[in-house]
Amino acid sequence: MATSSSAGRVLSLCKQFQNVVRISSAVNTQSCSPALTKLPPRQYREKSPLAALSWRSPSSSVAPCRALHTTISRRGLDEFFDLPENWGETTVKSGAPWTAKQLRTKSNEDLHKLWYVLLKEKNLLLTLEQEAKRQRVPMSSPERIRKVERSMIRLETVVNERESALRMLQTGQEKARPGAWRRDKFGHVYWYRFKEYAIPWYMNRRYKRKSFFTPKFVQPHIRLRLEKYLRQRARKTSLERRTQSKLKEKFPHANISAS
Amino acid sequence: LASRATNIYPLYQLGNPQLRIFRPNWFLTLVRPGKEQPPDTVQFRIPMEMTKYDVKNYLEKIYDVPVGAIRTRIQFGSNKKRNHLHQKVKQPDYKVAYVQLAQGQTFTFPDIFPEKELKHEEGSMEEMQEKFMEDEKQRQRLDPRRGGVTEWFGL
């Protein structure tokens, strides 16, 4: 089922080659992003979702740029498995995860496509892990899963940053989901996030059972809790002070700020 | 990703636009079926929050795989085993999806761990160790001219 034709494969570029293969000029970075985009952690695989970018630049309008065309992989379920050369290897080479700094330089379309590349990679690694457990064989280079996870988390943070900046500019709201500071029964003040309902709150029986106030008989408990917290904080500071004084006694010439 | 873990979908009322999910945070694991399955059936482990329609759209849109029927079930992870402190240890529950491919396609789970000959690179530590072990074994072996019989017998 896993037919691999090397004819249709294009050697994907990874970060190390990025500086070598700098094709386009600064003007045409948009259309030539397939060539410059850094790959997910693996080096020698064909990149499928980036092919769409090359369709828009068929070498008509942007003269100095050489468009790199990659074929869309139509392997379907074979994308759940690695290249057949890597089956049975103990270690498979993979690059470093994407950092947030690198991801911030990418456009939204590139990030969107990268998300799916990373998603497919993670699915691949998870199938490999499960099959390795099934066959009772150690999985080849398990650190790849963590790398992909980290890249995805960073991608999500970058996208959220951009979304939040846009929302602030357009509406002045910091948070996407509205909320409010509320007290619970125990006297804690917390950020309550609103939930969407089809009916107003005064018709919602379950919501009315939630009391967002502190009854008066809870006040002694709050006071005791506060005393406990202050006692613990005082203990911590006094402990620090005691250790510092002891160290100063033992080592009078030592640098205090270093410890 | 905590934001996705406590994801709340927007409320749907008649006339609302179709819910679209960008950058889905769901991962499918293709597993080898424990019991014999028909040739067009693929078995996946999917997150608990996914439904049959989610899996169908996922495979069709992301993997371009034509999907026919899908059936799902939830596998209960055992809570019977106990650790060295005699506490019950729960194995996580998971959802299994049996996906039947459309257009008469078939799928067999490949052998991902074939036996490969370990070739060490030239001049490496492992190669020297291998050679040493080979020589040791050669010295331990008995005389092949006498048919591997021990020296205890005969002259």
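In this text the structure is predicted, and so the values were computed from the model without any measurement.
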*Which residues in residues 55-62 of chain B have any heavy atom lying under 4.5 Å from a heavy atom of chain A?*
B:Y58, B:L59, B:I62
*Give, as side chain, backbone, both or neither, the part of B:P66 having an atom under 4.5 angstrom from any heavy atom of chain A.*
neither
*Considering only heavy atoms, which portion of A:Q130 lies under 4.5 Å from any heavy atom of chain B: side chain, backbone, both, or neither?*
side chain
*Which of parallel (below 30°), tilted (30 to 60°) and perpendicular (above 60°) describes A:F81 and B:F109?*
perpendicular
*Are any non-hydrogen side-chain atoms of A:R177 and B:I8 less than 4.5 angstrom apart?*
yes
_Strictly distance-based, threshold 3.5 Å: is any side-chain N or O of A:N123 a donor or acceptor partner for the main-chain N or O of B:L28?_
yes
*Closest non-hydrogen atom pair between A:Q135 and B:F113, with its separation*: CG-CD1, 4.0 Å
_Please output the residues of residues 197-209 of chain A in contact with chain B, using a heavy-atom cutoff of under 4.5 Å, in numerical order._
A:Y197, A:A198
*Who among A:T157, A:L128, A:V137, A:L126 has the most heavy-atom pairs with chain B under 4.5 Å?*
A:L126
*Which word best sums up how the rings of B:Y63 and A:F80 line up, parallel for under 30°, tilted for 30 to 60°, or perpendicular for over 60°?*
parallel
_Using a 3.5 Å distance criterion without hydrogens, assess whether the side chain of A:W115 forms a donor-acceptor pair with backbone atoms of B:P24._
yes
_Just so I understand: if I count every heavy-atom pair under 4.5 Å between each of A:K195, A:R134, A:E149 and chain B, which residue has the most?_
A:R134
_Looking at every non-hydrogen atom in both residues, tell me the closest pair between B:K116 and A:E85 and how far apart they are._
NZ-O, 2.8 Å
*How far apart are the closest heavy atoms of B:L30 and A:L77, and which atoms are they?*
CD1-O, 4.5 Å
*asked:* Which heavy atom of A:E196 sits nearest to which heavy atom of B:L11, and what is that distance?
replied: OE1-N, 3.4 Å
